[in-house]
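Heads up: the structure comes next, in structure tokens.
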Amino acid sequence: MFLINCPYCGERDQSEFVSGGEAHIARPKQPTELNDDQWAEYLFMRKNIKGVQFERWNHAHGCRKWFNVARDTSNDKIEKIYKMGEQPPKL
Amino acid sequence: MKNKYSIFSLIKNAFSNHENWQRAWRDPEPKKEYDAVIVGGGGHGLATAYYLAKKHNLTNIAVVEKGWIGGGNTGRNTTIIRSNYLWDASAGLYDHALKIWEGLSQELNYNVMFSQRGVMNLAHNLQDVRDLKRRTHANRLNGIDAVWLETDEVKKFCPIINTSQDIRYPVLGGTLQKRAGTARHDAVAWGYARGADEMGVDIIQNCEVKGIKRNGNAVEGLETTKGFIKTKKIGVVAAGHSSVIANMAGLKLPLESKPLQALVSEPVKPIIDTVVMSNAVHAYVSQSDKGELVIGAGTDSYVSYTQKGSFNIVEETLKAILELYPIFSRMKMLRQWGGIVDICPDASPIISKTSIKGLYFNCGWGTGGFKATPGSGDLFAHTIANDEPHKLNAAFNINRFVSGDLVDEHGAAAVAH
């Protein structure tokens, strides 16, 4: 349980948000050119880091906008919030 | 040789104020080398070691556990055991476990308090009714006992359920597996630990794995907080921390680790003599032998290793519990806790070899691993000993995420994720 500072609405309870999982997984430009291993890597494999990981979140019960969060999964502390399309911060 | 637990040993030890019981397992320091090392001293890991020693004569093995045995998800689940899964592969896997449960206390000479009090799954909308009826038919074709109950039969089986059609999600029926039930989760870990220890397995607690040493494409050993342990075979049964261990070997798994919560009430006289689960409103409840209501909540939507979980998840579960069981409205909840569950995209486990020689994973049990403990240990032991899966866990290999041959059990998993 924690607070998330939505870049559009300000600080709100986490229950207003939905986690979109690991961030910066780019959809392959030509899926048909991928072999099965590469497709599985894109579709299913996750870093699932214990520590700081980059995630997508959606303010589902607010502005409904997506943004990125750098969050420490070992203590739920949010290190940085940045908008979609921006590069992950160096921490 | 361990003393046998019996009514006579209980009486004998009563005369010495229960101060002279033999210790149930040793507390050894790790040897330099083992034939195999199991990472994770939960129920699944200890069961794996037990069956490796018992069925495959591998006794020069160790279980390394970073905390204390049974202190992770084994001691944090809601102890429900059932095998009413939809697909053939899952039915085979979970019913294999249920059959072992039925004789486990005798086999281990340890009372795991297995109680076949039945598990009832409720339907709250038309799609639930269709899905659960389909699952009942599939179960029966696989030789698993399952019956469909109409609403009045649900009420008859568990009278305290509110079956009024005026509530927000009325009960439209349910399924019942009578062979299903509960067991004492700690006793399962302790029983397997005692049994494995007796056959020579070293159970090493407070020993955290820090790294996996590889020589080319084969494992050579483990770096731990108690030094380097050489071994050619590593079986990882680390539940929520599986991805962390996989990362040490340079592997990625299709898992996400999320907090799953449970809570218990103050103890009361017997009021519910079965297990009732509801996926749709997300509430399940049973009563422990001590008298506490044991209530399972849902997972959080985000990855976390904090073993806590969010308050709103508990709130939603209790709302549903109160609507279904108005009689519980004045019960006080005593304790709440979380465990980290590793969830696969298809809500089925992985019991498999990996691309690295000598490295095996048993993970991805998600929200429902406790019920499978004996079967999981048995099949994982077979996989490690023979370097090949048993036919019952062949479908649960890690390559299914590449081939696309998934075992989609979202509908039958205990918790809707």
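Bear in mind the structure is a predicted one, so any value in this text is a computation, not a measurement. Note on naming: letters A, B, ... go to the chains in the order of the sequence lines (proteins, then strands), and numbering restarts at 1 for each one. Note that these values count all heavy atoms, side chains included, but never hydrogens, waters or copies made by symmetry.
Counted within 6.0 Å of OH on A:Tyr82, heavy atoms from surrounding residues, nucleotides or ligands total more than 12; the atom is thus considered enclosed. In the displayed structure, B:Lys308 atom NZ is contacted under 6.0 Å by at most 12 heavy atoms of other residues, nucleotides or ligands. Taking a 6.0 Å sphere around CD of A:Gln87, one finds it holds 12 or fewer heavy atoms contributed by other residues, nucleotides or ligands.
Interface residue A:Ile49: only backbone heavy atoms are found under 4.5 Å from chain B. For a residue to count as touching a neighbouring chain, one of its non-hydrogen atoms must lie under 4.5 Å from one of that chain's; by this rule A:Gln38 does not touch chain B. Only the backbone of B:Leu253 comes within less than 4.5 Å of a heavy atom in chain A; its side chain stays farther off. Neither the backbone nor the side chain of B:Leu251 comes within contact range of chain A, judged by heavy atoms closer than 4.5 Å. Contact annotation for B:Lys252: both backbone and side-chain heavy atoms come within less than 4.5 Å of a heavy atom of chain A.
Rounded to the nearest 0.5 Å, atoms CD (B:Glu316) and OG (A:Ser15) are 8.5 Å apart. Here the straight-line distance linking atom CZ of A:Phe44 with atom CZ of B:Arg400 works out to 9.5 Å at 0.5 Å rounding. Atom CD in A:Gln14 sits 13.5 Å away from atom CZ in B:Phe311 (nearest 0.5 Å).
Between the A:Asn48 side chain and the B:Ser257 main chain, a donor and an acceptor come within less than 3.5 Å of each other.
Ranked by non-hydrogen atom pairs under 4.5 Å with chain A, the options B:Ser310, B:Gly309, B:Pro259, B:Gly240 are led by B:Ser310. Counting heavy-atom pairs closer than 4.5 Å to chain A, the top residue among B:Asn312, B:Val303, B:Asp342 is B:Val303. Contact count against chain B (heavy-atom pairs under 4.5 Å) is highest for A:Lys50 among A:Glu55, A:Arg46, A:Lys50.
Within residues 241-250 of chain B, the residues approaching chain A closer than 4.5 Å by heavy atoms are, in numerical order, B:His241, B:Ser243, B:Val244.
Screening A:Asp72, A:Asn75, A:Asp76 for a side-chain hydrogen bond (donor to acceptor under 3.5 Å, both in side chains) involving B:Ser304 leaves a single residue, A:Asp76.
The aromatic rings of A:Trp57 and B:Tyr302 sit tilted relative to each other, their planes meeting at an angle between 30° and 60°.
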